[in-house]
Q: 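To start, I am sharing the structure in question, which I have written as structure tokens.
Computed from a predicted structure; not experimentally measured. Side-chain atoms are counted along with the backbone in the values below, which use heavy atoms only and exclude waters and symmetry mates.
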Amino acid sequence: NGYNFVGSFSSGNFANNVLGHLLAFVTVLLIFTRNYEYSPSLITDTVILLIFLGMLMTGVRGAYLSFILCLLSTYVLTRLSFRRSILVFVSVIALLLFIISRYIDVDYWDDFIYAVVYIFQNGFDAYAIRIDPTTTSIFTRITLWIATTKMYFDNLLFGVGFAQWNMLKAEYGVPFRLLLDPHNDYLFYLVSYGSFMGIGFLWLIYLKPIMYFIKYSGNSIAVNPYYFALFGFCFSGLTNANTSKHQVFALVLMIAFFAVYRDK
């Protein structure tokens with residue numbers, strides 16, 4: 001139908017971003033459970049390759065980034081001590097910041113900071129801040145994150161309840177009149193379920209895999225492949241609320257239970 005090969009693969013059930021991150025998660029899961037939970041064969045390797053190609057075809061850059069960060073992080077953490085891993089990460093971040101500063105002028109950063117401050121004070125306004133194809137997605141996410149943070153602090157203990165975020169978002173400076181989510185899994189759990197249950201979900205799905213890697217850094221023998229896959233999803237959760245979709249949540253929660261069971 002005239003679409004490009006990359007960037008047009010989507011689902012009738014999920015948004016493009018969610019599908020991309022989900023396929024990245026499943027690819028990582030199948031890679032790390034290979035030889036541990038199932039015997040590899042031509043069929044299984046073909047399935048992994050097809051799912052990986054599906055992720056590439058979605059064109060979701062965040063999914064590419066989380067996939068690469070997961071593989072690099074697990075490689076570094078299972079071979080270096082935690083302190084050395086931190087040194088590597090700090091060096092990489094410093095290098096990225098240097099590269100970005102070389103290619104983005106100071107005026108752009110001034111406009112960006114002004115836009116963030118304006119959104120925090122007044123909400124999103126396309127006429128008051130400079131919008132272009134590059135910044136549309138960024139400023140939309142910043143608007144959602146700021147609004148979600150304010151909503152969470154107004155409902156600190158018990159949250160607003162599942163699926164209530166959309167009903168309240170306009171009161172917190174989000175003018176987009178369509179079905180959305182906070183575009184951040186960490187904020188999604190906190191604003192939906194409050195501090196107690198929200199942190200419980202975050203511990204099981206995101207924080208526990210992170211602590212697992214810190215605990216076993218430098219130990220390539222201690223392998224829990226389910227934590228490896230969940231660790232990759234930690235990156236996806238920074239820019240998308242993937243598990244706010246119940247089908248994705250069911251799969252991820254099941255993998256989290258598998259990870260805990262395997263640790264026993």
Q: Could you check whether any side-chain heavy atom of L251 comes within less than 4.5 Å of a side-chain heavy atom of F25, counting everything from C-beta outward?
A: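 In contact.
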
Q: Quick one: does W145's side chain get under 4.5 Å of F120's, heavy atoms only?
A: no

Q: Closest approach of L204 and V260, non-hydrogen atoms and distance?
A: CD1-CG2, 4.0 Å

Q: Are any side-chain N or O atoms of Y64 and backbone N or O atoms of L56, one a donor and one an acceptor, separated by less than 3.5 Å?
A: yes

Q: Would you mind reporting whether F258 and L29 have side-chain heavy atoms less than 4.5 Å apart?
A: no

Q: With rounding to the nearest 0.5 Å, note down the distance linking CG in L168 to NZ in K150.
A: 14.5 Å

Q: Would you check if L22 and M55 make a side-chain contact, meaning some heavy-atom pair closer than 4.5 Å?
A: no

Q: N184 side chain to L238 main-chain N or O, any donor-acceptor pair under 3.5 Å?
A: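 Yes: the side chain of N184 pairs with the backbone of L238.
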
Q: More than 12 heavy atoms of other residues, nucleotides or ligands under 6.0 Å from OH of Y38: yes or no?
A: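 Buried by this count: over 12 neighbours within 6.0 Å.
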
Q: Could you tell me which non-hydrogen atom of G232 sits nearest to which non-hydrogen atom of S66, and how far apart they are?
A: O-CB, 4.0 Å

Q: Measure across A259 and L230 and return the closest heavy-atom pair with its distance rounded to 0.1 Å.
A: CB-CD1, 4.3 Å

Q: Do you reckon F153 sits in the same ILVMFWY cluster as I199, going by side-chain contacts under 4.5 Å, direct or chained?
A: yes

Q: Quick one: pull up CG in N16 and NE2 in H21 and give me the separation to the nearest 0.5 Å.
A: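 If we round to the nearest 0.5 Å, N16:CG and H21:NE2 are 9.5 Å apart.
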
Q: Can you find a pair of side-chain heavy atoms, one from T44 and one from I48, that are under 4.5 Å apart?
A: no

Q: Just by distance, do the side chain of T143 and the backbone of V174 share a donor-acceptor pair under 3.5 Å?
A: no

Q: Do any N or O atoms from the side chain of K169 and from the backbone of N166 form a donor-acceptor pair under 3.5 angstrom?
A: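 Yes; at least one donor-acceptor contact below 3.5 Å.
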
Q: Tell me, yes or no, whether the heavy-atom count around Y75 atom OH, taken from other residues, nucleotides or ligands under 6.0 Å, exceeds 12.
A: no

Q: Return yes if some donor-acceptor pair links the side-chain N/O of N155 with the main-chain N/O of V160 below 3.5 Å, else return no.
A: no

Q: Should we say atom CG of L157 is surrounded by more than 12 heavy atoms from elsewhere, each under 6.0 Å from it?
A: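 Counting other residues, nucleotides and ligands, CG of L157 exceeds 12 neighbours.
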
Q: Are L144 and W165 side-chain neighbours, meaning at least one heavy-atom pair lies under 4.5 Å?
A: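 Of all side-chain heavy-atom pairs linking W165 with L144, at least one is under 4.5 Å.
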
Q: Would you call F235 and S73 a side-chain contact if the rule is heavy atoms closer than 4.5 Å?
A: yes

Q: Does any non-hydrogen side-chain atom of I119 lie less than 4.5 Å from one of F139?
A: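 Of all side-chain heavy-atom pairs linking I119 with F139, at least one is under 4.5 Å.
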
Q: About how many Å separate CZ of F162 and NE2 of H246, when rounded to the nearest 0.5 Å?
A: 8.5 Å

Q: For Y226 together with Y261, are the ring centres under 6.0 Å from each other?
A: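 They do not qualify: ring centres at least 6.0 Å apart.
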
Q: Check the hydrophobic clustering (I, L, V, M, F, W, Y; side-chain heavy atoms under 4.5 Å; chains of links allowed) and say if L23 and L50 are grouped together.
A: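 No, it is not one cluster - the side chains of L23 and L50 are not joined through contacts under 4.5 Å.
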
Q: State yes or no: do F158 and L190 share one hydrophobic cluster built from I, L, V, M, F, W and Y residues joined by side-chain heavy-atom distances below 4.5 Å, directly or via other members?
A: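 Each belongs to a different hydrophobic cluster.
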
Q: Find out if a path of hydrophobic residues (ILVMFWY) with successive side-chain heavy-atom gaps under 4.5 Å connects V28 to V60.
A: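 In one cluster: no.
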
Q: Listed by chain and number, what are the side chain to side chain contact (heavy atoms under 4.5 Å, CB included) partners of T74, not counting sequence neighbours?
A: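 By the side chain to side chain contact (heavy atoms under 4.5 Å, CB included) rule, T74 matches F32, C70, F213, F228, F231.
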
Q: Using the six-membered ring wherever Trp is involved, compare the ring planes of F201 and Y189 and label them parallel, tilted or perpendicular (cut-offs 30° and 60°).
A: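 Taking Y189 first and then F201, their aromatic rings lie parallel (interplane angle under 30°).
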
Q: Within a 6.0 Å radius of atom CZ on R262, are there more than 12 heavy atoms belonging to other residues, nucleotides or ligands?
A: yes

Q: Take D185 and Y206 through the side-chain hydrogen bond (donor to acceptor under 3.5 Å, both in side chains) test and state the conclusion after the steps.
A: CA-CA 9 Å; D185 257 338; Y206 291 120; 2.5 Å; yes

Q: Measure the CG-CD1 distance between L71 and I68 for me, rounded to the nearest 0.5 Å.
A: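 Answer for the CG-CD1 pair, L71 versus I68, is 8.0 Å.
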
Q: Find the distance between CG (L187) and OH (Y152) and round it off to the nearest 0.5 Å.
A: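 Going from the CG atom of L187 to the OH atom of Y152 covers 9.5 Å.
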
Q: Before you tell me yes or no, could you show the steps for T148 and Y172 under side-chain hydrogen bond (donor to acceptor under 3.5 Å, both in side chains), namely the whole-Å CA-CA distance, both residues' side-chain angles and the distance that decides it to 0.1 Å?
A: CA-CA 8 Å; T148 304; Y172 291 86; over 6 Å; no

Q: Got a second to check how far L30's CG is from L49's CG, nearest 0.5 Å?
A: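 Separation between the atoms: 12.0 Å.
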
Q: Does H183 reach the main-chain N or O of D181 with its side chain, forming a donor-acceptor pair under 3.5 Å?
A: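 Here the side-chain-to-backbone pair exists.
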
